[in-house]
Every structure is written in C-alpha cells, then in structure tokens.
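Just follow the structure's listing: the first ligand is 1, and inside any ligand the first atom is 1.
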Amino acid sequence: MFDAIVVGGGASGLYTALCLSHCYARVALLTKDNLSISASDWAQGGIAAVVDPTDSPQLHYEDTLRAGVGLCEPEAVSVLVHGARAQIETLVDLGVAFDRHRDQTLALTLEAAHSRRRVLHAADATGRALVSTLADHVGKNARIEVLEQFLVLDLILEDGRCMGVWGLDLRSPTTGVRALWAPVTVLATGGGAQVFAQNTNPPASTGDGVAIAWRAGAAIRDLEFVQFHPTALAVPGAPRFLISEAVRGEGAHLVDRTGDRFVFRDHPQGELAPRDVVSRSVFHHLEATGAKTVFLDLSPIAPDRIAYRFPNIIHICQQWRIDLYSQPIPVTPAAHYCMGGIATDVWGATSVPGLYAVGESASTGVHGANRLASNSLLECFVFGSRLAAHLAEVEPSHGRRGVDPGTAPHWPAPSPETTGALNQLKYDLQELVWHHAGICRHGDHLREGLEWCSSGDRTSP
Ligand SMILES: Cc1cc2nc3c(=O)[nH]c(=O)nc-3n(C[C@H](O)[C@H](O)[C@H](O)COP(=O)(O)OP(=O)(O)OC[C@H]3O[C@@H](n4cnc5c(N)ncnc54)[C@H](O)[C@@H]3O)c2cc1C
C-alpha cells in the first residue's frame with residue numbers, strides 16, 4: 001500500500017513525485033520504460049518563464065491566449081504564467097544547469113509567437129538537463145520507490161473511487177497482472193502523438209493515460225487539438241527528429257528550394273508565427289508545389305552561435321550527412337504534442353475521485369487549440385507542484401485501505417500470430433490517422449477514416 005502512485009517518469013511524474021514526498025512517506029513512481037526515456041528527456045528548445053524584468057506575466061498570458069486561438073481557459077493560463085518564476089527558482093536550487101550569460105543572468109531565447117525572449121535553455125538538450133537532475137533527486141529520495149518497466153493497464157475502482165492501478169511487471173511478465181494500492185493515483189503518462197505515422201515523439205508516447213482514464217469513466221477533453229511541429233527532419237530513412245523552434249528563434253529562415261520565405265504570405269511574423277499557422281503554411285506550400293520538403297536555412301546565424309546553441313542538432317544532422325553550416329536542413333511538419341487529454345481542474349483533479357493527472361496527459365485548458373512553444377515543460381512543474389500542495393491539504397493522511405481488488409483482469413500474453421496482426425493494425429492506424437485526421441482536416445476524409453475504424457474489414461486503409 002502506497003500513499004500515492006505516480007504513473008510516468010517524465011518531467012511531470014518525476015517532479016510531482018518529488019513534491020508529494022514532502023507530505024507522503026510512501027510514493028510509488030511507475031514507468032513502462034526507464035527513467036531516462038521520455039518526451040521530456042527529448043525536449044530541446046527550453047522552458048518558457050518570465051524572469052527578465054522587462055518582460056511580464058501579463059505579456060506571457062496574452063501570448064499564450066493568442067497562440068491558443070481563443071480556446072484557452074484563462075484561469076489555467078493565469079496560474080501557469082504567474083507560477084513560472086517560483087518553479088524556475090526551485091529547479092535552479094535542485095541543480096538544473098540552465099545556460100547563463102557571462103554576468104550569470106539566465107540566458108533567454110525567442111520562440112515562435114512569444115513577444116519577448118523568455119525561453120530558458122540548456123543548449124539544445126534542455127529536457128535532458130531537467131530529467132537527469134530530477135531523476136537523480138528521485139533516486140536518492142527514500143520516500144519514493146521507483147518501479148521501472150512497469151506497464152500500468154487500468155485503474156482499480158472501488159465505489160467509483162480510484163484506489164490504485166493494475167499493471168504488469170515487464171521484466172517478469174509471466175507473474176501476471178499485479179495490483180498496487182493507493183488512495184491517490186496521478187497519471188503523468190505524457191502524450192499520444194505516436195498515433196500519427198509522422199511524429200516527433202518517443203515510442204512510449206502512446207496516450208495510455210488517456211485510454212486508462214477513459215475506461216474508468218473520467219472526463220476527457222479536446223482530443224482533436226493536436227499540435228504539428230513545422231520542422232521535423234525529412235531525410236529518407238531518418239526518424240522525424242525535431243529541429244527545434246529555437247533555431248528559427250535564433251534567426252534561421254524557413255524557405256523552399258528557391259529560397260522563398262513563403263510563410264510571410266500567410267502571416268506577418270513569417271517563420272515565427274504560431275506553430276499551427278506555420279505547419280499549415282508548409283503543408284499547403286508542399287501540396288501546391290509538389291515538393292517533398294521545405295528547408296531551414298541557418299546561414300543568417302553566426303557559425304560560433306550555431307556551435308554553442310545546437311550541438312545535438314549538429315550531431316544528428318551529421319549522422320544523416322547534412323552539414324548545416326553549408327547546407328539547408330530538409331524539414332516537413334510532424335505530429336508533436338497533444339493539447340487535449342484527461343480533463344482536470346487547476347489543481348489536477350479529474351472527474352474520478354482519487355484520480356489526478358498532470359503534464360501532457362492532462363488537459364487543464366492551458367493550451368487551448370495550439371500550445372505556445374515551451375509552455376509544456378513549464379506546465380509539468382507549475383501544475384505538478386500545485387497538485388502536491390493541494391493533496392497535502394485535502395488528503396493529508398490516509399487511514400483508507402482498499403478492500404480486496406478481486407480477481408486480476410485477464411490480459412492474455414500475445415502469441416506470435418497476434419503480435420504480427422497487432423503490429424500491422426498499429427501501422428495501418430498510424431497511416432490512417434496521419435492521412436485522414438492530420439494537419440488539415442476535411443469532413444469527407446474524417447468520415448472515411450471513421451468508417452475504416454468501425455468496419456470489420458481491416459485491410460489497409
Ligand atoms: C522531440 C520533442 C521536443 C520537445 N521540446 C520541448 C521544449 O523544448 N519545450 C517544451 O516545453 N516542450 C517540449 N516538448 C514537449 C514536452 O517535452 C512534453 O510535453 C513534456 O515533456 C511531457 O512531459 P510528461 O512528463 O507529461 O510526459 P513524458 O515526458 O512523455 O513522460 C511520460 C512517462 O509516462 C510513462 N508511461 C506512459 N504510459 C505508461 C503506462 N501505461 N504505464 C507506465 N508508465 C507509462 C512513460 O514511460 C514516460 O516515463 C517536446 C517534445 C518532444 C517529443
């Protein structure tokens with residue numbers, strides 16, 4: 001029996017577990033992979049926060065609402081932008097090494113749709129700097145028990161209240177499904193952009209938390225709002241590695257093969273317009289010209305600046321024989337981030353008692369229809385710390401113990417034949433969702449896709 005179970009070992013899970021350890025003696029942190037693999041670890045550009053005296057939370061608030069196309073929840077956005085600075089101070093205290101100027105002030109970069117330079121970073125591997133520091137603290141924390149390779153399958157429900165999780169220890173799957181008990185369960189399972197054939201996400205981003213919460217009857221919100229990043233590496237055979245928006249923030253141009261900065265025809269901010277605008281602009285330009293990719297031209301950025309800011313991107317491009325000092329990088333849009341998810345209030349509570357959600361799996365309404373760049377890492381910390389503070393008040397101690405969870409659900413181990421069929425189904429579904437519910441959607445396409453999903457005939461769409 002734990003006081004709290006946190007499902008997910010990305011930024012939101014690690015941070016929430018650390019915050020919960022201040023009020024609970026036994027916190028379980030579960031991840032289906034290991035702590036060094038998550039979208040958080042892959043985050044490049046940085047984390048948005050107002051730390052510059054010439055900036056203000058009001059400007060950050062307005063930029064977030066504008067990028068969210070009028071569909072953000074204003075209260076949640078206010079919580080986010082006003083809570084940012086305190087979280088950055090905590091992260092610095094924990095030892096996160098953000099880049100700094102010579103005078104030791106925090107270095108800030110610009111990203112799309114921000115009216116100020118307000119994105120803190122650690123070169124182009126900000127996520128790794130955050131996750132490694134947090135994982136280090138979690139590993140040393142005697143109140144947190146980490147179970148890696150533990151796949152959560154479903155929630156244990158007792159009279160409509162969540163009382164823990166059912167899961168499978170992937171290191172010894174033959175032991176069958178196990179029950180882990182806790183009066184508080186936090187889903188921090190990340191996004192689900194893997195449902196699209198072209199995506200920037202790690203393999204673990206399969207939207208498990210949303211499915212688990214939905215099966216338990218929790219309210220789900222805004223799943224149709226998916227963010228497509230305009231600049232994923234587009235080289236035949238290469239995964240859709242993200243080329244961070246900070247590259248454009250530092251001055252790179254988005255051009256076609258003739259050097260035309262075509263996005264300016266769609267938006268006065270050109271390549272620094274909000275992501276949804278730039279992705280749609282690229283999509284339409286590719287359709288109109290028949291080209292396969294557009295390009296990021298880094299020649300406006302000084303070579304020593306490129307070397308200092310983007311060592312990871314340089315390394316990946318070299319692997320695919322692109323010398324970004326002398327060649328433009330071929331890019332196309334790819335699915336990147338899920339704005340929707342498990343509906344929560346501004347304290348992380350879902351519609352199911354005992355169940356909470358945080359990070360990309362949650363939908364506080366903070367991102368509206370289009371997330372402002374670098375607000376997602378910030379969300380993990382602001383809402384993770386609030387969730388813990390809230391629980392310390394409303395669930396300070398637990399006398400509550402679960403009754404017998406009954407028989408564990410039967411999750412049959414897949415046979416070689418079913419594994420093959422499942423892999424094919426997964427591939428077909430990814431292609432279907434990419435082509436029928438991708439960057440630009442039409443009623444006919446959506447209907448065709450739905451028909452394929454609901455038909456018994458599973459021949460490739
Ligand atoms: C390439 C890339 C670059 C990005 N760059 C930035 C950036 O610069 N700035 C920014 O703000 N955002 C960025 N983002 C978005 C941001 O990284 C994510 O939104 C954020 O990190 C999500 O954190 P999370 O903790 O909610 O989820 P994740 O980091 O995705 O972690 C999810 C965790 O849940 C676990 N899990 C999932 N399902 C189960 C299950 N069934 N059982 C057990 N465990 C499970 C996974 O193993 C993983 O540990 C980027 C995303 C990507 C993919």
Side-chain angles (χ1 to χ4, degrees), residues 5-17 28-49 80 109 111 119-122 124-131 134-135 146-155 165-170 180 186-194 199-213 227 229 231-233 239-247 249 275 312-313 316 334-339 341-342 357-362 367 371-381 383-384:
I5 293 173
V6 179
V7 187
S12 62
L14 289 165
Y15 197 68
T16 304
L29 184 109
L30 318 178
T31 161
K32 65 178 174 182
D33 224 309
N34 60 52
L35 285 188
S36 60
I37 301 176
S38 59
S40 303
D41 180 64
W42 287 20
Q44 298 178 0
I47 172 166
L80 180 81
T109 193
E111 288 192 0
V119 178
L120 293 89
H121 48 83
D124 57 354
T126 311
R128 183 141 313 158
L130 289 163
V131 167
L134 295 176
V146 178
L147 280 85
E148 292 179 307
Q149 308 272 316
F150 190 92
L151 175 71
V152 172
L153 301 166
D154 257 325
L155 303 177
V165 300
W166 294 107
L168 201 56
D169 183 347
L170 298 175
L180 296 184
V186 182
L187 292 174
T189 47
Q194 275 288 340
N199 71 78
T200 63
N201 283 201
S205 300
T206 46
D208 300 14
V210 173
I212 289 166
Q227 181 166 77
H229 199 290
T231 61
L233 182 66
R240 289 286 176 261
F241 174 76
L242 184 81
I243 310 293
S244 168
E245 197 150 54
V247 174
R275 280 183 190 169
N312 192 32
I313 294 175
I316 298 288
H336 182 58
Y337 183 84
C338 297
M339 268 75 70
I342 308 158
V358 67
E360 193 172 337
S361 61
H367 305 300
R371 166 177 71 98
L372 182 67
S374 287
N375 266 357
S376 44
L377 285 173
L378 178 61
E379 176 187 26
C380 294
F381 303 120
F383 286 92

Under 4.0 Å, heavy atoms only, figure out whether ligand 1 is touched by the backbone of [X], its side chain, both or neither.
X	result
A188	backbone
K32	both
H121	neither
Y337	side chain
L35	neither
L377	both

If you count the atoms of ligand 1 from 1 in the order shown, which ones are under 4.0 Å from a heavy atom of [X]?
X	result
A43	3 (C), 4 (C), 5 (N), 6 (C), 7 (C), 13 (C), 17 (O)
V7	42 (N), 43 (C), 44 (N)
G10	25 (O), 29 (O), 31 (O), 33 (C), 49 (O)
D33	47 (O)

Original post:
With no hydrogens and no angle check, do the side chains of H367 and E379 hold a donor and an acceptor under 3.5 Å apart?
Top reply: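 Looking only at side-chain atoms, E379 and H367 do form a donor-acceptor pair, the distance falling under 3.5 Å.
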Original post:
Would you call D124 and S244 a side-chain contact if the rule is heavy atoms closer than 4.5 Å?
Top reply: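 Sidechains of S244 and D124: no contact.
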Options [options], ranked by nearest heavy atom to [atom], top entry:
atom	options	value
atom 33 (C) of ligand 1	A193, G9, S38	G9
atom 53 (C) of ligand 1	L29, N201, D208	N201
atom 24 (P) of ligand 1	G359, S12, A211	S12

Original post:
Would a distance-only check, ignoring hydrogens and angles, find a side-chain to backbone donor-acceptor pair under 3.5 Å from Q44 to L242?
Top reply: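 Side chain of Q44 to backbone of L242, a donor-acceptor pair under 3.5 Å: yes, one is there.
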